[in-house]
Asker: 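One structure follows; several queries about it will come next.
Predicted model, so just to flag it, every value in this text is computed and none were measured. Lettering of chains follows the sequences in order, A, B, ..., and the numbering in each one begins at 1.
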Protein chains: 4
Amino acid sequence: MSLRERKAAKKKKEIIQSAVSIIGERGFHATTMEEIASKLLMTKGSVYYYFKDKQDLLYQSQKMLLEQSIHNIETIIEEKSELQEKLHKVLTLHVEYLLKERTGFEIGAKPEQLFSGDPLKEILSLRDQYSRYIDQLILKGIEAGVFQNVNVKIVRNLILGALNSVIEWYSFEGQKSKTEIADLISDYLLRILKKGSSQP
Amino acid sequence: MSLRERKAAKKKKEIIQSAVSIIGERGFHATTMEEIASKLLMTKGSVYYYFKDKQDLLYQSQKMLLEQSIHNIETIIEEKSELQEKLHKVLTLHVEYLLKERTGFEIGAKPEQLFSGDPLKEILSLRDQYSRYIDQLILKGIEAGVFQNVNVKIVRNLILGALNSVIEWYSFEGQKSKTEIADLISDYLLRILKKGSSQP
Amino acid sequence: MSLRERKAAKKKKEIIQSAVSIIGERGFHATTMEEIASKLLMTKGSVYYYFKDKQDLLYQSQKMLLEQSIHNIETIIEEKSELQEKLHKVLTLHVEYLLKERTGFEIGAKPEQLFSGDPLKEILSLRDQYSRYIDQLILKGIEAGVFQNVNVKIVRNLILGALNSVIEWYSFEGQKSKTEIADLISDYLLRILKKGSSQP
Amino acid sequence: MSLRERKAAKKKKEIIQSAVSIIGERGFHATTMEEIASKLLMTKGSVYYYFKDKQDLLYQSQKMLLEQSIHNIETIIEEKSELQEKLHKVLTLHVEYLLKERTGFEIGAKPEQLFSGDPLKEILSLRDQYSRYIDQLILKGIEAGVFQNVNVKIVRNLILGALNSVIEWYSFEGQKSKTEIADLISDYLLRILKKGSSQP
DNA sequence: GATGAATGAGGGTTCATTCAT
DNA sequence: AATGAATGAACCCTCATTCAT
């Protein structure tokens with residue numbers, strides 16, 4: 001990748017971050033290209049040099065976030081550790097990533113509202129991929145007798161729903177650090193799956 | 001309430017339902033007053049006879065939904081039954097109400113994006129009221145030794161987050177009925193709180 | 001047609017006339033909706049109440065002009081008079097209508113540049129209809145032995161090309177009135193078809 | 001002219017040809033500098049090295065086309081042949097040139113829409129020069145008693161209008177070659193002027 | 001109570017043009 | 001000579017809102 005290309009890639013990333021952050025705050029429709037640009041001391045026109053249109057900007061943001069998430073989960077799954085620990089790590093990292101990016105997943109909470117056609121398919125497919133990794137972990141746990149027998153899809157959705165809600169209620173002013181919160185949340189949610197006594 | 005007033009109230013309710021349903025599908029900003037009106041074979045102008053502006057329509061929708069939810073929870077709490085059962089009922093009803101209204105809560109997932117000033121305060125206050133009822137149930141359960149000792153607010157948020165996500169992934173085509181799903185979900189989420197063995 | 005509808009139809013016509021006149025002067029792309037509207041002391045928004053978009057406005061303008069032209073030609077054809085006289089009248093009226101509307105046809109000189117899909121088909125079909133009327137007159141003239149044997153399509157195109165060019169070079173300041181010009185032009189062009197001596 | 005200058009001149013010509021061809025298809029305003037450039041595997045920036053602005057590019061295109069046309073007509077006029085034959089050749093060449101360049105004249109059908117100030121004057125003057133050559137041929141023909149007595153300007157305009165329209169309706173798929181068409185068209189149009197019988 | 005019509009404030013997008021490298 | 005990048009002015013279009021009837 002040439003210097004030029006790297007510069008362009010960097011700029012794209014900057015724009016995406018600006019967009020993700022404002023859209024996360026105000027919502028997609030309430031966010032103007034003007035705002036996204038001016039936050040980076042750019043003009044609207046410049047943003048259009050890097051992205052075809054507003055949809056495209058949103059699409060690429062979502063794609064990047066989802067791909068990073070999938071990368072995260074894959075790294076953990078490849079590790080050599082117990083199933084429970086793995087799932088715990090996955091959930092923890094999910095929360096941490098969410099709180100670090102400060103937004104992102106929620107933007108696409110309802111991809112059908114924001115995308116259509118191929119981009120929608122792509123986004124849904126990435127989400128699906130992510131979900132399937134979690135399903136696998138749960139499934140293996142059940143087969144290994146570590147987890148209770150549950151409806152995998154429902155439980156996975158509940159867990160993801162709970163996780164993603166964090167961004168709505170986690171407040172920086174809280175006493176707990178992001179890591180602590182993430183750990184605690186993962187503990188709580190794993191109880192849905194764990195077998196046997198759930199006492200400390 | 002005179003006949004005229006009752007008629008007006010009925011119309012208001014109709015409009016709110018139309019609005020809630022379309023906004024739930026498309027999102028607030030993507031929904032036009034035109035669409036809301038024409039779904040009821042009305043004209044935009046008429047809608048403005050009943051609601052000050054779009055914000056007002058949204059606000060009253062949210063208020064109605066939340067007040068109904070609070071009414072639901074109050075009815076259950078007043079019943080004479082065990083704590084666990086009560087909480088289970090609350091969660092079940094929450095899901096059922098969500099799926100019946102098919103939208104509504106999600107609209108206001110981030111009230112800060114949609115409201116400001118007094119209406120925001122009012123909405124937040126109603127949400128708070130609802131949350132506090134759940135907190136109380138959890139707290140009493142902990143005190144009574146039925147539930148584990150948890151961070152009440154976090155767990156409540158997780159549970160509500162999981163519940164509210166249902167609307168995003170529940171599909172009508174599924175084999176399970178709304179009631180079955182609601183029951184199952186409540187079971188699963190209660191595991192976070194339940195003490196002792198969680199086997200069937 | 002109710003009063004309302006008639007008012008609306010009148011307004012539409014006004015807008016079309018304003019549009020046709022400015023577009024005729026500046027060209028389609030160089031004309032802004034703002035200009036079209038403000039010439040009628042309206043706002044852009046109002047124009048959009050009557051026409052879906054700029055294309056639509058153009059399309060309806062063209063359609064109206066062509067339909068009027070077809071009506072003109074049909075009236076003449078139904079008259080009881082000689083072929084030569086009929087064709088002469090058609091050409092004369094064509095020029096007069098052109099100069100009266102002061103624009104219009106030229107706008108759509110290249111419909112492919114301005115329309116696509118069904119509207120394009122419709123416009124082309126109307127043009128075709130008009131052309132076929134002229135072809136018929138020429139053909140009958142040839143069969144009746146009044147006109148020379150020519151390639152009908154080519155001659156028709158030449159005649160229409162010559163006629164339509166009038167708008168580009170006819171200047172009001174000329175000594176000749178519109179009627180005189182139209183008559184003269186028709187005389188000249190008929191010479192292409194006339195048999196025998198063309199002397200006065 | 002140095003090598004460098006010749007190279008530049010060549011490039012200019014290439015750009016002009018690209019421009020003329022696309023503008024002829026889409027129209028001036030609908031054609032972007034980007035399109036003109038990318039058709040030549042150039043970037044917009046480069047085009048601006050050779051032409052001051054879009055207007056300039058258009059202006060020089062028109063000028064080149066008109067100058068070539070004038071050159072064409074002058075060559076023919078200098079030939080030693082009969083008046084009728086000369087005019088016939090002029091018209092034929094006009095059509096052939098039009099169809100060869102596939103566009104060009106029509107672009108500037110209404111120079112007032114595209115130019116203003118000195119460039120407009122220059123273009124109008126070149127057009128005028130071209131027209132005057134034709135006028136002279138007609139006039140001489142009348143004086144020599146070969147052509148009928150007609151209003152020269154009107155007839156010239158009709159002939160040019162008819163000729164220029166060719167580009168709008170000539171289709172490549174036609175059975176006739178460009179040369180045949182050009183010849184036929186010239187024959188037909190000369191009938192407007194010819195004296196005596198016009199039978200074959 | 002209802003509606004057709006009008007408005008105007010934006011927002012997304014395009015594109016000719018410029019300029020540092 | 002060439003280009004990638006940036007700019008900003010315009011333009012089309014949408015839509016919440018208003019109001020006379």
Side-chain angles (χ1 to χ4, degrees), chain A residues 2-5 7-8 11-12 28-38 40-57, chain B residues 4 7-8 11 28-38 40-58, chain C residues 2-5 7-8 11-12 29-37 40-57, chain D residues 4 7-8 11 28-38 40-58:
Chain A
S2 76
L3 176 63
R4 276 251 158 84
E5 286 171 319
K7 258 189 161 176
K11 201 107 200 180
K12 268 195 155 187
F28 179 65
H29 281 102
T31 301
T32 70
M33 292 299 270
E34 182 70 44
E35 287 170 324
I36 293 170
S38 77
L40 295 167
L41 305 179
M42 284 181 166
T43 58
K44 265 190 294 184
S46 301
V47 176
Y48 278 90
Y49 183 79
Y50 293 94
F51 297 90
K52 208 179 116 288
D53 54 25
K54 207 181 166 189
Q55 288 291 330
D56 185 39
L57 176 50
Chain B
R4 177 167 291 175
K7 256 190 158 178
K11 203 112 199 179
F28 178 65
H29 280 101
T31 302
T32 69
M33 293 298 271
E34 181 68 43
E35 286 170 322
I36 293 170
S38 78
L40 296 166
L41 306 180
M42 284 180 168
T43 57
K44 273 188 292 187
S46 300
V47 176
Y48 277 90
Y49 181 79
Y50 295 96
F51 297 91
K52 204 178 118 284
D53 55 25
K54 205 182 169 189
Q55 287 292 329
D56 185 38
L57 176 50
L58 184 66
Chain C
S2 75
L3 176 63
R4 275 253 158 83
E5 285 170 320
K7 258 190 160 175
K11 201 110 202 178
K12 267 194 156 189
H29 281 101
T31 302
T32 70
M33 292 299 271
E34 181 69 46
E35 288 171 323
I36 294 170
L40 296 167
L41 304 180
M42 283 182 167
T43 57
K44 264 187 298 184
S46 301
V47 176
Y48 278 92
Y49 183 78
Y50 294 94
F51 297 91
K52 210 179 114 286
D53 54 26
K54 208 182 165 188
Q55 288 291 331
D56 185 40
L57 176 51
Chain D
R4 178 166 290 174
K7 256 188 156 177
K11 204 110 200 181
F28 179 65
H29 279 101
T31 302
T32 70
M33 293 299 271
E34 180 69 43
E35 287 170 321
I36 293 169
S38 79
L40 296 166
L41 305 180
M42 284 180 168
T43 57
K44 272 187 291 185
S46 300
V47 176
Y48 277 89
Y49 181 79
Y50 295 96
F51 297 91
K52 204 177 120 283
D53 54 25
K54 205 183 169 189
Q55 288 292 330
D56 185 38
L57 176 51
L58 184 66

Asker: Just compare E:dT13, F:dA5, E:dA2 and give me whichever is closest to any side-chain atom of A:D53.
Answerer: E:dT13
Asker: Hey, does B:K44 reach any base, or is it just sugar-phosphate, or nothing, if we go heavy atoms under 4.0 Å?
Answerer: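 The residue B:K44 makes base contact.
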Asker: Closest approach to the side chain of C:T43, judged atom by atom: which nucleotide of E:dT7, F:dA16, E:dT3 is it?
Answerer: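 Within the option list, the nearest is E:dT7.
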Asker: Could you work out which one of E:dG12, E:dG8, F:dC11 sits closest to the side chain of C:T32?
Answerer: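 Shortest atom-to-atom distance from the side chain points to F:dC11.
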Asker: For C:S46, which contact category applies under a 4.0 Å heavy-atom criterion: base, sugar-phosphate, or nothing?
Answerer: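 Base contact.
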Asker: Of all heavy-atom pairs between B:K52 and B:D56, which one has the smallest distance, and what is that distance?
Answerer: N-OD2, 3.0 Å
Asker: Which nucleotide, if any, forms a Watson-Crick or G-U wobble pair with F:dA16, using both distances under 3.5 Å?
Answerer: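 With both distances under 3.5 Å, F:dA16 matches E:dT7.
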Asker: Distance check: side-chain N/O of D:Y48 vs OP1/OP2 of F:dT3, anything under 4.0 Å?
Answerer: no
Asker: Before giving the answer on side chain to side chain contact (heavy atoms under 4.5 Å, CB included), spell out for B:M33 and B:Y48 the whole-Å C-alpha distance, their side-chain angles and the decisive distance to 0.1 Å.
Answerer: CA-CA 9 Å; B:M33 293 298 271; B:Y48 277 90; 3.7 Å; yes
Asker: Both C:R4 and D:M33 contact DNA chain E. Taking the nearest nucleotide for each, which residue is further toward the 5' end?
Answerer: C:R4
Asker: Quick one: on DNA chain F, does D:A8 or C:G45 contact a more 5' nucleotide (nearest heavy atom)?
Answerer: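 Comparing both residues, the 5'-ward one is D:A8.
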Asker: Both B:M42 and C:K11 contact DNA chain E. Which one's nearest nucleotide lies toward the 5' end?
Answerer: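 Counting from the 5' end, the first nearest nucleotide belongs to B:M42.
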Asker: Could you check whether D:K7 gets within reach of a base, just the sugar-phosphate, or nothing at all, counting any heavy atom under 4.0 Å?
Answerer: nothing
Asker: Is there a donor-acceptor pair under 3.5 Å between the side chain of B:K54 and the backbone N or O of B:T31?
Answerer: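 Answer holds: yes.
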Asker: If you only use heavy atoms from C-beta on, which nucleotide in F:dC13, E:dA2, E:dG8 is closest to the side chain of B:Y49?
Answerer: E:dA2
Asker: When we call it a touch if two heavy atoms are under 4.0 Å apart, what does A:S2 touch: a base, just sugar-phosphate, or nothing?
Answerer: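 Here A:S2 touches no strand at all.
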Asker: Testing the basics here: between A:K12 and A:Y50, what is the closest heavy-atom pair and its distance to 0.1 Å?
Answerer: CE-O, 3.3 Å
Asker: Under 4.0 Å, counting only non-hydrogen atoms across every strand here, what does C:F51 touch: a base, just sugar-phosphate, or nothing?
Answerer: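 Result for C:F51 = nothing.
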Asker: Output the single nucleotide from F:dA1, F:dC13, F:dA16 whose closest atom is nearest the side chain of D:Y50.
Answerer: F:dA1
Asker: Would you name the heavy atoms of A:A30 and A:E35 that are closest together and state the gap between them?
Answerer: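 For A:A30 and A:E35, the tightest heavy-atom pair comes out as O-OE1, 3.8 Å.
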Asker: Both distances under 3.5 Å, Watson-Crick or G-U wobble: report the partner of F:dA1, or none.
Answerer: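 None - no nucleotide pairs with F:dA1, as no candidate has both distances under 3.5 Å.
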